[in-house]
Number of protein chains: 2
Amino acid sequence: MDVKEAKAKFIESWGKMASEWGINRSMAQVHALLLISPEPLTADQVMEELDIARGNANMNIRALLDWGLVHKQLRPGERKEYFIAEKDMWTVVRQIIINRKKRELDPMLRVLDEMAGVEENCPESEHFCTVVRDIRKFSHKASQTLDSLVKAEANWFTHTFLNMVR
Amino acid sequence: MDVKEAKAKFIESWGKMASEWGINRSMAQVHALLLISPEPLTADQVMEELDIARGNANMNIRALLDWGLVHKQLRPGERKEYFIAEKDMWTVVRQIIINRKKRELDPMLRVLDEMAGVEENCPESEHFCTVVRDIRKFSHKASQTLDSLVKAEANWFTHTFLNMVR
DNA sequence: TTTTGTTTTCAAAATAAATTGAAAATTAGG
DNA sequence: CCTAATTTTCAATTTATTTTGAAAACAAAA
């Protein structure tokens, strides 16, 4: 496999993986392209490289900025905007955790908390209350753990955590 | 909120959360229904409760069996199959980790490993190789960590890990 | 202010994914 | 071997999501 092939394959795979996650393919492919691009790119270059429409490129670059995975770069004397991906992998992972947690876990947590109110009726539906209580406990622990993970040092995950687990 | 309402809300929310994940709504709703049902249910009861078609119920119950989140129960003298959800939350989480890892992480790992071969050409595309190497390293660590997590004791996650993180 | 290069928006079209339901396959009992 | 109950399959349909592209908005320079 030569480098050009490998780059194409990387972009394709990153896109495929993301769509297993509920993140759309274009967003992931734009991310992959910017990740492996040593220089910042303009929206036009992204459109060109990935063969996607302007609106698509624009919306997904925007989403990546929101996620903190891509940064905007302005050049003096130029009107075009350049975009460069965050290259520090720990930061990348951290931002992904933050955003997915916000989207996937937090809403469920809120629902479970609302349900805590139902516990008064528990005697009449013990099983339901037990299940909800268990899930709620677990979810809160997971939430705290992710929060701590996000606050942790860059090397913490790779060094400390792994050693503890083994 | 009374218990009936709460149950409906739980099923709905579980379904919504799952679809943010790339797991289909019906599968999650069947799971939620079986989770909060104290008694095993038949496919017909699931269809009835969730108002979904037979094929849908069947395919998703089957998927949940594959994921190890639901167990089949046969009753002597009865032809119908009964289904009951795994109620131990640690087991549930473990099975979800195993299955999502298999689906989301492992394929990417394989692609990254294939790309390791490209490293020979690295001098001519240093940046690409660095990015791939970083992601590869990180992904392998994450993979090992998840494997360890899965092997860990039931209480490990909630007790040990959390204390370590704080 | 007008022109021009650039970004953003969003309705419509295309694509992808989930769901239905009827027919086929399977299985146990007679 | 039949019959009847049950489960599985899958083509067609429906629903949801993504993508397009042209028009509008915006912003810098003339």
| Sorted by number, the residues of residues 69-86 of chain A with heavy-atom contact under 4.0 Å to DNA chain D | A/Arg79
| message | Could you check whether atom CD of B/Gln73 has more than 12 heavy atoms from other residues, nucleotides or ligands sitting under 6.0 Å from it? | response | yes
| side chain to side chain contact (heavy atoms under 4.5 Å, CB included) partners of A/Arg79, counting only residues at least two apart | none
| Backbone N or O of B/Thr42 within a donor-acceptor pair of the B/Gln45 side chain at under 3.5 Å? | yes
| Salt bridge present between A/Glu20 and A/Lys16 (N-O < 4.0 angstrom) | no
| query | Got a donor-acceptor contact below 3.5 angstrom from the A/Ser37 side chain to the A/Leu33 backbone? | reply | no
| field | Near-strand residues of residues 13-25 of chain B, defined as heavy-atom separation under 4.0 angstrom from DNA chain C | value | B/Asn24
| message | Looking at A/Glu78 and A/Lys80, would you say the former's side chain and the latter's main chain have a donor-acceptor pair under 3.5 Å? | response | no
| query | Do B/Asn58 side-chain atoms and B/Arg54 backbone N/O form a donor-acceptor pair below 3.5 Å? | reply | no
| request: Could you tell me whether B/Arg25 atom CZ has more than 12 heavy atoms of other residues or ligands within 6.0 Å of it? | output: no
| side chain to side chain donor-acceptor pair (under 3.5 Å) pairs, two or more places apart, involving residues 106-117 of chain B | A/Lys9-B/Glu114, B/Lys101-B/Asp106, B/Asp113-B/Arg136, B/Asp113-B/His140
| query | Looking at residues 47-64 of chain B, who's got a heavy atom less than 4.0 Å off DNA chain D? | reply | B/Arg54, B/Gly55, B/Asn58, B/Arg62
| field | Path from B/Phe138 to A/Val92 over hydrophobic side-chain contacts below 4.5 Å | value | yes
| field | Start and end of the DNA chain C segment that chain B contacts, any atom under 4.0 Å from a heavy atom | value | C/dA18 to C/dA28
